[in-house]
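These notes are about the structure you will find just below.
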Amino acid sequence: MRRTNLTVDGRRLAARIEALGRIGALPGGGVCRLALSEEDRQARDLLVRWMEELGLEVRIDAIGNIFGLRRGRETGPPIMTGSHIDTVRTGGLYDGALGVLAGLEVAEVLNRAGIETRHPLMVAAFTNEEGARFPPDMMGSLVHVGDLALEQALATEGIDGETVGSCLARIGYAGKAPVGCPEARAFLELHIEQGPVLEREGITIGAVEGVQGISWQAFTFRGRSSHAGTTPMAMRRDAGLVAARTVAFLRRLAAEIGGDQVATAGSLRFSPDLVNVVPERAELTVDLRNTEEGRLREAERRLAAFVEEAAADEGVAVASRRLARFPPVTFDPAMVARVEAAARRLGHAVRRLPSGAGHDAQIMARVCPTAMIFVPSVGGVSHNVEEFTRPEDVTAGAAVLLEVLLELLEGEGP
Ligand code: GLV
Ligand code: MN
Ligand code: MN
């Protein structure tokens, strides 16, 4: 038996997803709303307007996190939900936006029913979850929980040389509220799966048990630029070759470590980047992920050894820089069980699964009981302009979110 007669309005939620998706829309579909860009500003403005229309008290903190508070009968820490509205350069309409806008939908359902909950509800949109412009990812939630100093976050330089602090000020979202407050009683994030498991198994709801560990590094290889026609092969110090060998090695590394290991070279830049010049410099990013910390460390060790050897072979110098490092996270078992039970009560097929992608929930899990709800991604595709989740699955996810939030908001067990 479900606990409530309240229902989410899937059409209203879909309309908000579409409206937000028009900001930074790419020709042919998808969105580009890199963190702290002009498009991010416009999306934030729309979100704040929606929050205000719903009567939420809007608070913007010094790292630009946006919080909308719906008061409860009692004061004290709120139940928090939300996600992010920044995207990668070739993003879709659902990654992040779904979680934030479903939070608004829950607030709207409560408003329309005239319900005053026991605990306050807080809808959050965290700054720079993607990390695509400014690493690390999950920056806003990291600052929120106190694990990344505000000053360090503000000084972070992006891939375009701009800093978080200057961009936040430019877009008008360097908020006055201190970071780190308020604390939350619990955090629940609805998100698209971004992988193929739910669709493949014909399951509507994923009860997310945890998030795999993430290791991001940037390697800079320095060799010597020389003439492509006159430099004998044996005399080259080709930074590009070492980077390319590293890219190819990642496939082997993932296969050798086996299991869940994934390895990606997402960005590679040569310089001087000319047809007839041996590259002097190559910059490469590596993303390694595994659900087991020990295996992730092993992958990092093997990669470091390979890079050193490949660079030495070619007489190339190598420097590495850590961009992000998150250990695997296990969500609160009682919260995961709530998601599973709520999905069943609402008549949805549900399974437990880990998250392959990073999420603000994995950071919030450090400070309060946390879990996530996944809905299927068509074709398992995300970080791609073709990212799509069927409207009925969006609605189902929001309904489960409402159901679990209602329990938490009333402080009901288990
Ligand atoms: C964030 O979306 C990540 O998992 O890289
Ligand atoms: Mn996301
Ligand atoms: Mn993402």
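Numbers here are sequence positions counted from 1. If you're wondering where the values come from, they're calculated on a predicted model, not measured in any experiment. Note that ligands are numbered from 1 as they come in the structure, with each ligand's atoms numbered from 1 the same way.
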Heteroatom test (N, O or S) for E130 near the Mn ion (ligand 3), limit 2.8 Å: yes
More than 12 heavy atoms of other residues, nucleotides or ligands under 6.0 Å from [atom1] of [X]: is that the case?
X    : atom1 : result
R302 : CZ    : yes
R351 : CZ    : yes
E308 : CD    : no
R12  : CZ    : yes

Name, closest N/O/S atom of H383 to the Mn ion (ligand 3): NE2
Test log, rule ring pair (Phe, Tyr, Trp, His ring centres under 6.0 Å), inputs H359 and F331: CA-CA 12 Å; H359 298 289; F331 286 141; 8.4 Å; no
Minimum-distance N/O/S atom that H191 presents toward the Mn ion (ligand 2): NE2
Nearest to the Mn ion (ligand 2) - the N/O/S atom of D95, by atom name: OD1
Main-chain N/O of R289 paired with Q261 side-chain donor or acceptor, under 3.5 Å: yes
Side chains of E314 and R245 in contact at under 4.5 Å (non-hydrogen atoms):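 Result no, sub-4.5 Å side-chain heavy-atom pair not found.
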Flag side-chain contact, heavy atom, 4.5 Å: L303 against L250: yes
Those protein residues which place at least one heavy atom below 4.0 Å from ligand 1: E129, E130, D137, W216, R289, A357, G358, H383
Presence of N, O or S from H84 under 2.8 Å of the Mn ion (ligand 2):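 Under 2.8 Å: H84 contacts the Mn ion (ligand 2) through an N, O or S atom.
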